[in-house]
Asker: 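Below is the structure I would like to discuss, written out as structure tokens.
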Amino acid sequence: MAGYTTKEMQRFNYLISETNAAYHEAALKLGMSDSIMQILYTICNSGDSCQLGEICSLSGISKQTVNSALRKLEAGEIVYLKASGGRKKRVCLTDKGRALAAGTVVKLMEIENSILESWPKEEVEQYLELTRKYLEALREKMRGL
């Protein structure tokens with residue numbers, strides 16, 4: 001099966017793997033699991049609360065993993081769940097959760113923002129557009145699997 005991936009695709013996959021490894025390293029340095037970091041990140045990206053369903057879709061984490069991590073976060077008094085119409089639930093940060101987020105994922109967000117802010121606007125737009133274009137094409141071609 002060797003030789004099926006182009007050099008460019010190998011390079012692309014390497015960069016994605018290294019990016020994922022960098023976020024994993026960040027989670028470890030922040031003293032949390034990848035899933036807990038992603039959940040807190042997703043909540044903070046929405047303010048200080050987020051629909052439970054949005055956490056799954058925006059973070060890419062399975063519902064089972066999200067529920068398991070949320071139980072830990074609830075037990076640690078970091079988040080609480082609030083009814084949000086019908087069967088929907090909203091995940092909200094407690095005061096303790098906001099303090100934790102400020103010292104962890106908010107710092108990560110600041111790092112990310114500072115990187116993009118250091119790039120020329122045209123490069124940021126090009127990067128985002130090419131990433132969107134790749135993702136859109138990937139999703140389209142995956143429908144045929």
Side-chain angles (χ1 to χ4, degrees), residues 1-74 78-94 97-145:
M1 293 289 259
Y4 281 88
T5 304
T6 64
K7 292 285 184 197
E8 293 82 6
M9 198 68 233
Q10 288 174 2
R11 186 172 166 209
F12 179 80
N13 287 332
Y14 171 78
L15 291 170
I16 287 179
S17 294
E18 287 298 305
T19 300
N20 290 338
Y23 279 101
H24 174 70
E25 184 180 334
L28 293 177
K29 285 184 176 185
L30 296 172
M32 55 186 65
S33 69
D34 293 355
S35 56
I36 286 179
M37 184 179 80
Q38 286 179 286
I39 289 167
L40 290 176
Y41 187 103
T42 303
I43 295 168
C44 289
N45 222 20
S46 298
D48 65 355
S49 70
C50 186
Q51 292 288 351
L52 177 57
E54 288 179 355
I55 292 174
C56 295
S57 63
L58 294 174
S59 70
I61 304 172
S62 73
K63 190 174 183 177
Q64 181 179 356
T65 301
V66 167
N67 286 330
S68 174
L70 285 177
R71 282 193 294 276
K72 291 177 187 172
L73 290 168
E74 282 182 295
I78 304 300
V79 302
Y80 64 94
L81 298 178
K82 180 170 88 172
S84 180
R87 295 181 55 186
K88 293 183 178 180
K89 292 183 182 173
R90 192 155 194 87
V91 182
C92 306
L93 292 175
T94 63
R98 279 189 283 283
L100 174 65
T104 57
V105 295
V106 171
K107 288 183 177 182
L108 178 58
M109 291 171 157
E110 290 168 350
I111 290 168
E112 293 169 327
N113 287 331
S114 72
I115 292 167
L116 289 185
E117 288 168 1
S118 73
W119 294 0
K121 184 173 175 54
E122 306 78 40
E123 287 184 7
V124 172
E125 290 303 320
Q126 182 181 29
Y127 176 76
L128 294 173
E129 178 56 24
L130 289 172
T131 302
R132 183 205 58 77
K133 187 176 179 180
Y134 179 83
L135 178 58
E136 196 173 275
L138 180 64
R139 285 181 172 151
E140 179 64 31
K141 294 198 181 276
M142 292 292 182
R143 288 186 189 105
L145 288 179

Asker: Could you tell me the separation between the CG atom of Leu28 and the OG atom of Ser33, rounded to the nearest 0.5 Å?
Answerer: 9.5 Å
Asker: Using ring pair (Phe, Tyr, Trp, His ring centres under 6.0 Å) as the criterion, list what pairs up with Phe12, not counting sequence neighbours.
Answerer: Tyr134
Asker: At what distance, to the nearest 0.5 angstrom, does CG of Leu128 lie from CD of Gln126?
Answerer: 10.5 Å
Asker: CD1 of Ile55 to CG of Leu40: how many Å apart, nearest 0.5 Å?
Answerer: 9.0 Å
Asker: Checking side chain to side chain contact (heavy atoms under 4.5 Å, CB included) against Thr42, which of Val105, Leu58, Val91 comes through?
Answerer: Leu58
Asker: For the CZ atom of Arg11 and the OG1 atom of Thr5, what is their distance to the nearest 0.5 Å?
Answerer: 15.5 Å
Asker: Could you pull out the closest heavy-atom pair between Ser49 and Arg90, with the gap in Å?
Answerer: OG-NE, 2.8 Å
Asker: Quick one: pull up CD in Glu8 and CD in Gln10 and give me the separation to the nearest 0.5 Å.
Answerer: 9.0 Å
Asker: With sequence neighbours left out, which residue pairs that include part of residues 36-63 fulfil the salt bridge (Lys or Arg N to Asp or Glu O under 4.0 Å) condition?
Answerer: Asp48-Arg98
Asker: Among residues two or more places apart or on two chains, list those pairs meeting side chain to side chain donor-acceptor pair (under 3.5 Å) that have a residue in residues 19-28.
Answerer: Tyr23-Glu112, His24-Asp34, Glu25-Lys29
Asker: Looking at every non-hydrogen atom in both residues, tell me the closest pair between Lys89 and Gln51 and how far apart they are.
Answerer: O-OE1, 3.1 Å
Asker: Is the number of heavy atoms from other residues, nucleotides or ligands within 6.0 Å of CZ (Arg132) greater than 12?
Answerer: yes
Asker: List the atom of Leu108, the atom of Met37, and the distance in Å for their closest heavy-atom pair.
Answerer: CD2-SD, 3.9 Å
Asker: Do the side chains of Val79 and Ile39 get nearer than 4.5 Å, heavy atoms only?
Answerer: no
Asker: What heavy-atom pair brings Ser35 and Ile61 nearest, and what distance separates the two atoms?
Answerer: O-CD1, 3.7 Å
Asker: Do the charged groups of Arg143 and Glu140 touch, with an N to O distance under 4.0 Å?
Answerer: yes
Asker: Taking atom CD of Gln64 as the centre, report whether more than 12 heavy atoms of other residues, nucleotides or ligands fall under 6.0 Å from it.
Answerer: no
Asker: With rounding to the nearest 0.5 angstrom, report the CG to OG1 distance, Leu100 to Thr94.
Answerer: 8.5 Å
Asker: Between Tyr80 and Leu93, which heavy-atom pair has the shortest distance, and what is it?
Answerer: CE2-O, 3.9 Å
